[in-house]
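Each chain gets a letter, A, B and so on, in the order the sequences are listed, and its residues count up from 1. Only a predicted model underlies this, so the values are computations on that prediction, with no experimental measurement involved.
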There are 2 protein chains.
Amino acid sequence: MEPQLVRELEILHSQVCHALGDPKRLMILYMLARQPQYVNDIAAELDLPQPTVSRHLKILRERSLVDATREGASVLYSLADERLIQALELLRAILRDRILAQAELVTHAGPDADSVDQPD
Amino acid sequence: MEPQLVRELEILHSQVCHALGDPKRLMILYMLARQPQYVNDIAAELDLPQPTVSRHLKILRERSLVDATREGASVLYSLADERLIQALELLRAILRDRILAQAELVTHAGPDADSVDQPD
DNA sequence: TTCACATATTCGGATTATCGAATACAATTG
DNA sequence: CAATTGTATTCGATAATCCGAATATGTGAA
């Protein structure tokens with residue numbers, strides 16, 4: 001593999017993918033995709049302590065995945081790039097199809113004596 | 001935020017996004033996007049110990065992001081869903097535009113006495 | 001300046017991820 | 001069966017991540 005692509009993927013990971021590696025950050029991004037929000041509103045909506053939200057926002061901000069604009073004493077955060085949500089929607093579609101495919105397997109093959117079928 | 005979407009994003013994270021949270025896994029996925037590969041070939045190409053590659057492949061396999069088919073003593077791995085690369089390409093585009101925008105800032109504003117400009 | 005509110009940061013501590021080395025397992029050959 | 005090749009797993013140590021609590025910073029109003 002070309003060292004050039006290797007380096008680029010390392011940057012892609014540290015600058016973008018790594019930021020998606022936390023469920024709370026995913027939720028924050030989805031919230032901001034709907035409309036810009038203030039820190040306290042995000043914290044209230046997701047039922048998280050404000051410092052936790054600020055820490056996650058910092059990580060997203062440092063990678064330019066969200067924009068922050070001060071409005072008086074508050075700071076309004078917004079999604080920096082719509083394509084971020086497009087990418088996440090692609091991943092959601094993959095997940096959905098995967099779950100559907102597994103459900104088909106169960107439906108068509110049917111539970112038999114050998115395959116245990118206990119939920120969780 | 002609806003508990004339903006919250007739950008779905010948690011699954012999206014644990015099943016997909018989390019798997020993208022390692023640079024070596026990104027490289028493996030990009031290698032497999034070009035063509036299916038055997039474990040040892042991946043290890044050689046990325047200059048990684050074989051157990052390390054197997055461990056990462058297991059993580060990808062458990063999430064159905066790659067397919068594994070045994071061929072004699074070898075196991076051929078392939079990308080399970082092209083949309084995974086589509087999503088990564090979207091993220092790469094975001095990263096590229098972000099870097100370009102920052103370069104523009106430097107070019108147009110020009111380095112001045114206040115803004116230090118040391119590489120790395 | 002002092003207060004009140006909104007946001008950001010720091011600091012342990014607990015959890016989790018990753019690694020290399022050694023080893024175990026699987027498949028083919030003789 | 002033993003030997004060889006390819007792949008998978010286990011193990012202990014290191015390192016990274018995340019959290020809550022406390023605290024610091026920033027802004028506007030009185």
Side-chain angles (χ1 to χ4, degrees), chain A residues 6 9-29 31-32 35-80, chain B residues 6 9-29 31-32 35-80:
Chain A
V6 169
L9 289 180
E10 282 169 354
I11 297 175
L12 177 63
H13 164 257
S14 67
Q15 295 297 306
V16 184
C17 292
H18 177 249
L20 306 180
D22 182 281
K24 283 155 188 163
R25 286 197 288 270
L26 285 187
M27 292 178 206
I28 291 175
L29 289 173
M31 271 197 72
L32 297 182
Q35 58 178 320
Q37 303 267 348
Y38 298 107
V39 178
N40 275 336
D41 295 337
I42 298 173
E45 177 84 6
L46 298 181
D47 197 28
L48 295 174
Q50 172 265 317
T52 295
V53 173
S54 278
R55 253 188 290 106
H56 285 307
L57 283 172
K58 180 183 186 178
I59 292 174
L60 297 172
R61 186 173 9 102
E62 285 173 344
R63 290 161 176 75
S64 299
L65 302 182
V66 301
D67 291 323
T69 42
R70 183 166 279 281
E71 290 188 2
S74 303
V75 177
L76 188 66
Y77 278 87
S78 56
L79 192 67
Chain B
V6 170
L9 289 180
E10 282 170 354
I11 296 175
L12 177 62
H13 164 257
S14 66
Q15 294 297 307
V16 183
C17 293
H18 177 251
L20 306 180
D22 182 280
K24 284 157 189 164
R25 286 198 288 271
L26 284 189
M27 291 178 204
I28 290 175
L29 289 173
M31 271 198 71
L32 296 182
Q35 58 177 320
Q37 303 268 348
Y38 298 107
V39 178
N40 275 337
D41 294 338
I42 299 173
E45 177 84 6
L46 298 181
D47 197 28
L48 295 172
Q50 172 266 317
T52 295
V53 173
S54 278
R55 252 189 289 107
H56 285 306
L57 284 172
K58 179 182 186 180
I59 292 175
L60 297 172
R61 187 171 11 101
E62 287 172 344
R63 290 161 175 74
S64 298
L65 302 181
V66 300
D67 291 323
T69 42
R70 183 167 279 280
E71 290 189 1
S74 303
V75 177
L76 187 66
Y77 279 86
S78 56
L79 193 67

Polar atoms only, N or O, under 3.5 Å: list the protein pairs with nucleotides 14-18 of chain D and their distances.
unit_1: dT17(D); atom_1: OP1; unit_2: H18(A); atom_2: NE2; d: 2.9
unit_1: dC18(D); atom_1: OP1; unit_2: D22(A); atom_2: OD2; d: 3.3
unit_1: dC18(D); atom_1: OP1; unit_2: R25(A); atom_2: NH2; d: 3.1

Original post:
Do the side chains of L48(B) and I42(B) get nearer than 4.5 Å, heavy atoms only?
Top reply: no

**OP:** Using atom CD1 of I42(B) as one end and atom P of dA8(D) as the other, report the distance to the nearest whole Å.
**Re:** 9 Å

**OP:** Measure from CG on L76(A) to P on dA8(C) and round the result to the nearest Å.
**Re:** 11 Å

Original post:
Within this structure, what is the CG-to-P distance between D41(B) and dG6(D), rounded to whole angstrom?
Top reply: 9 Å

Original post:
Under 4.0 Å between a side-chain N/O of Y38(B) and OP1 or OP2 of dA8(D), yes or no?
Top reply: no

**OP:** May I have the distance from L48(A) (atom CG) to dG20(D) (atom P), rounded to whole angstrom?
**Re:** 8 Å

Subject >> Distance test, side-chain N/O of N40(A) to OP1/OP2 of dC5(C), below 4.0 Å >> reply: no

**OP:** Measure from CD1 on I28(A) to C1' on dC19(D) and round the result to the nearest Å.
**Re:** 14 Å

Original post:
With a 4.5 Å limit on heavy-atom distance, are the side chains of V6(B) and M27(A) in contact?
Top reply: yes

Original post:
Between dG6(D) atom P and E71(B) atom CD, what is the distance in whole Å?
Top reply: 14 Å

Subject >> H18(B) (side chain) donor-acceptor with D22(A) (main chain) under 3.5 angstrom >> reply: no

Original post:
With no angle test and no hydrogens, is the base of dA6(C) tied to the side chain of Q50(A) by a donor-acceptor pair under 3.5 Å?
Top reply: no

Original post:
Which part of the nucleic acid does S74(A) contact within heavy-atom distance under 4.0 Å: base, sugar-phosphate only, or nothing?
Top reply: sugar-phosphate

Original post:
R70(A) side chain to G72(A) main-chain N or O, any donor-acceptor pair under 3.5 Å?
Top reply: yes

**OP:** Evaluate the side-chain proximity of L12(A) to C17(A): yes if any heavy-atom separation is below 4.5 Å, no if none is.
**Re:** yes

**OP:** List in chain and number order the residues that pass side-chain contact (heavy atoms from CB on, under 4.5 Å) with Q35(A), two or more places apart in sequence or in another chain; answer none if no residue qualifies.
**Re:** Q37(A)

Original post:
Of the candidate nucleotides dG26(D), dG20(D), dT7(D), which contains the atom at the shortest distance from the side chain of P49(A)?
Top reply: dG20(D)

Original post:
What nucleotide, of dA21(D), dG26(D), dT7(D), holds the atom closest to the side chain of P51(A)?
Top reply: dA21(D)

**OP:** Please state how far atom CD in Q37(A) lies from atom C1' in dA6(C), giving the value in whole angstrom units.
**Re:** 15 Å

Subject >> Selected nucleotide, minimal atom distance to V39(A) side chain, candidates dA8(C), dG6(D), dA6(C) >> reply: dA8(C)

Original post:
Are the side chains of H13(A) and K24(B) in touch, meaning some heavy atoms are under 4.5 Å apart?
Top reply: no

